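A quick write-up on the structure given underneath.
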There are 2 protein chains.
Amino acid sequence: MTQQGTRQGPGLASQRTAPPTRRFASVVRAGSRVTPERARSHNRALVLQELYRSEGLSRADLARAVGLTRVTISDLVADLIADGLVIELGLRSDVRPGKPATLLDINRTGFAVVALDLSYDNLFRGVVTDLDGTVQHRDQTDVTGVTGDDAVAAVAALLDRLVARAAAPVLGVGVGSPGIVDDAGTVLSAPNLGWADVPLQALLAERTDLPVVVANDANAAALAERTFGGGQEDAVLIRVGRGVGSGLVIGGLLVRGAHSAAGELGHVVVGTDGGDVCACGKSGCLETWLAIPRLQARLEAAPDAEARRAALAAAGERLGISLAPVVGALNLGEVVLSGPLDLLDGSLLESAAETIRSRTMADAFGGPAVRMTTLGRDIVVLGAAVMVLTGQLGVF
Amino acid sequence: MTQQGTRQGPGLASQRTAPPTRRFASVVRAGSRVTPERARSHNRALVLQELYRSEGLSRADLARAVGLTRVTISDLVADLIADGLVIELGLRSDVRPGKPATLLDINRTGFAVVALDLSYDNLFRGVVTDLDGTVQHRDQTDVTGVTGDDAVAAVAALLDRLVARAAAPVLGVGVGSPGIVDDAGTVLSAPNLGWADVPLQALLAERTDLPVVVANDANAAALAERTFGGGQEDAVLIRVGRGVGSGLVIGGLLVRGAHSAAGELGHVVVGTDGGDVCACGKSGCLETWLAIPRLQARLEAAPDAEARRAALAAAGERLGISLAPVVGALNLGEVVLSGPLDLLDGSLLESAAETIRSRTMADAFGGPAVRMTTLGRDIVVLGAAVMVLTGQLGVF
DNA sequence: GTTCGTTAGTAAAGGTTACTAACAATTAAA
DNA sequence: TTTAATTGTTAGTAACCTTTACTAACGAAC
């Protein structure tokens, strides 16, 4: 063989034998064989997703958007109509040549989702929504001093009442719970509710005979922000309340973590200059700077408005300090805060944003957007509803 | 309808109309319709992946592992054998009833991968490997003072030499480059090489007429650790050299970031007590504590062994401080270091591990494992090879 | 040595899926 | 009126995986 040195062109060695003709672009997760049936339900989910995002599409529109042929789309749509998930809206009234299209939409009020938020102080809240996330009914129950099995019973009772009030078949139940929740919906640890290894998903699924999904409240909130709040594909949601939690969305997918504990940011120590002692035993945890009770105490101790502003700014700075490495390492595009507007939305948020920018590499895009959620107090129940939609319809 | 109140059992409302019979577990990415052909290549990739991980499997073993029938597996294997990707090893010699199995394996030496590492000081390194990542040939080229187009030419020349030396058809080319690299393999920014918006992937693909993948060096290293180094599904790899970079693997997948800049941890400010001025203009960046030149300068300035140990421990502590929020937020199972063993593997690593543990919530699993990589200096080229295997075979 | 049970791999038939090709229906524009 | 464009359906085809049934090969028990 001749010496090629730095000669241009492909090396001869690679041409002695023909390389395999086919290329495999798909990266595959273990145990995920694709049968024709699975492929079909995947394509069904694609159609639903497209309809979910933009109502008023025709079968031909769907074919163009999804990439399947009109014939296949017609077949899939017929299935979906038969299942009651899709409805025909009538003919399109456009002025253009050709046969007028029949517009379709998801049957948005044809099914209901029941969603619960267990993360409030002494209160369980729940809603019934349609497939759009529009709240159709609310309910709540006081759980002051209620823990352990009694708290589980309170969840079940609230859930029963909500399911009874649903005006359409219930697609499933979503629950946002405080604490650490594993993939199977078992609450591994929720100190405030006195829960340890409570198989909430299994308990509620057996009781209601409905699909049930359980996840951490801040994680659910992150999903809600992604789906209903216009959140980016790479974002973190910080939930400030009695404690501090967070949910991370990376590449559009929720991060669960090695031990299902992703988002547990409240007990990470911030800075290198000490800080207050935390309930967890360490000093200077993010919670000691940012949790609402601590923040309110500082505000009450402040002599004047300027001191109050400084206290909020200091809390925001601490948040920024702890988020900067996360934003940098993950190259997040967005940081969203959820919690009391009067405390968070102002100098606290501004200070957090400025701190993050000054401590990370200001890339060509000017650092991440830092903002409040627009979803308000419903963010967790909406996230719980998203989990149901994702699990049952493949929509997200 | 009767009032249900807190009565047990499923609400009647949900039973008025039958819910849709089918459930859709699959969550779907936009634009990813599944045709039968795509399903087939997905299943092919599954078979390859299973063979890749554990050699010496029979068709029947594959059927059990993948979940497809023996018939389908036989058909897929016949395809793979025809393509030269799989070979028969002969009969299994076990002592057990039944017809002896014909063992299969990936044709590990039947194809070659060419991989480059552009992240060294004044040096481009490259290797030819087989499908196992076993290095079969090495080459390198000095690039002291070479930047811009000349550096691109040096890459191309090295690549040509390597391709010419490959003893089997080249499956593809992987490149680990310093700087920020986007999805298309364009190096958006690599100051040390004087590169900005260099379409390296396109340039090399056109020149060699081979599949080319380009990614950031630390990101590639993270993939190598995951595939060849026994890395966990949720881990971060820290690469310490002239600068400090990192690569994150979440749920087994590499994180790319909102602007393809995931892993840029070197210029995140650490702590709240100032620090040295960095080349980027800020003070107290992780690089000012951890980059090898800075570390060596501190060691030379140290009067005795104890002071040198303290300097290393201080650097490790800074690493731990900046990683703690990342480990906490993502619930990482593992932190892996890559770089000079004599500096990193000792009090620096121990100090980093201890700092991370003391600053995050010590969960029931005792915090993340913190260790050195076992892949040594080849980690980036191996990661580049993994990218090729992933892209061309769906193996990872 | 024969029979039985087990395992590996192949062959044929069948059902599902999505595709191409062709066509009817409908409307705007020439 | 004719032409072009668009929608949605029907009919037929190719690809895929499955079920069922088969042969081959082996160990164990009698």
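Throughout, protein chains are lettered first and strands after them, A, B, ... in sequence-line order, and every chain is numbered starting at 1. As the structure is a computational prediction, the values presented were derived from the model and not from experiment. Any value given below was found using the heavy atoms of this structure, including those in side chains, with hydrogens, waters and symmetry copies removed.
- The distance between atom CD of B:Glu88 and atom P of C:dA8, rounded to the nearest whole Å, is 15 Å.
- Summarising the geometry, the separation between CD1 on A:Ile81 and P on D:dG8 is reported as 11 Å, rounded to the nearest angstrom.
- Five base pairs at each end of the helix from C:dG1-D:dC30 to C:dA30-D:dT1 define two local axes, and these are offset by 10° (rounded to 10°).
- By the side chain to side chain contact (heavy atoms under 4.5 Å, CB included) test, B:Ala39 pairs with A:Val34, B:Val34, sequence neighbours left out.
- Spacing between atom CG of A:Leu103 and atom P of D:dT6 amounts to 16 Å, rounded to whole angstrom units.
- In this view, A:Gln201 satisfies the side chain to side chain donor-acceptor pair (under 3.5 Å) rule with no residue, not counting sequence neighbours.
- Not counting sequence neighbours, the partners of B:Arg64 by the salt bridge (Lys or Arg N to Asp or Glu O under 4.0 Å) test are B:Asp61.
- The CG-C1' distance, from A:Leu57 to D:dT6, rounds to 16 Å in whole Å.
- If you take CD1 of A:Ile73 and P of D:dT9, they are 12 Å apart, rounded to a whole angstrom.
- Between B:Leu46 atom CG and D:dC16 atom P the separation is 15 Å, expressed in whole Å.
- In this structure A:Thr134 satisfies the side chain to side chain contact (heavy atoms under 4.5 Å, CB included) test together with A:Asp130, A:Asp132, sequence neighbours excluded.
- Under the rule for a salt bridge (Lys or Arg N to Asp or Glu O under 4.0 Å), B:Arg70 has no partner lying at least two apart in sequence or in another chain.
- Atom CZ in A:Arg44 sits roughly 15 Å away from atom P in C:dT16 (whole-Å rounding).
- Judged as a side chain to side chain contact (heavy atoms under 4.5 Å, CB included), and not counting sequence neighbours, the contacts of B:Arg59 are B:Ile73, B:Ser74, B:Val77, B:Ile81, B:Glu88, B:Thr102, B:Leu104.
- Residue A:Arg40 is tested with A:Asp75, A:Thr35, A:Thr72 for a side-chain hydrogen bond (donor to acceptor under 3.5 Å, both in side chains); the sole match is A:Asp75.
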So if I define the base as every atom that isn't primed, P, OP1 or OP2, how would nucleotides 18-27 of chain C read as a B/S/- string at a heavy-atom cutoff under 4.0 Å? SBBB---BBB
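- For B:Ala384, the side chain to side chain contact (heavy atoms under 4.5 Å, CB included) partners two or more places apart in sequence, or in a different chain, are B:Ala115, B:Met387.
- In this structure the side chain of A:Leu131 reaches within 4.5 angstrom of the side chain of A:Leu393, judged on heavy atoms.
- As rounded to whole Å, 15 Å separates atom C1' of C:dT7 from atom CG of B:Leu62.
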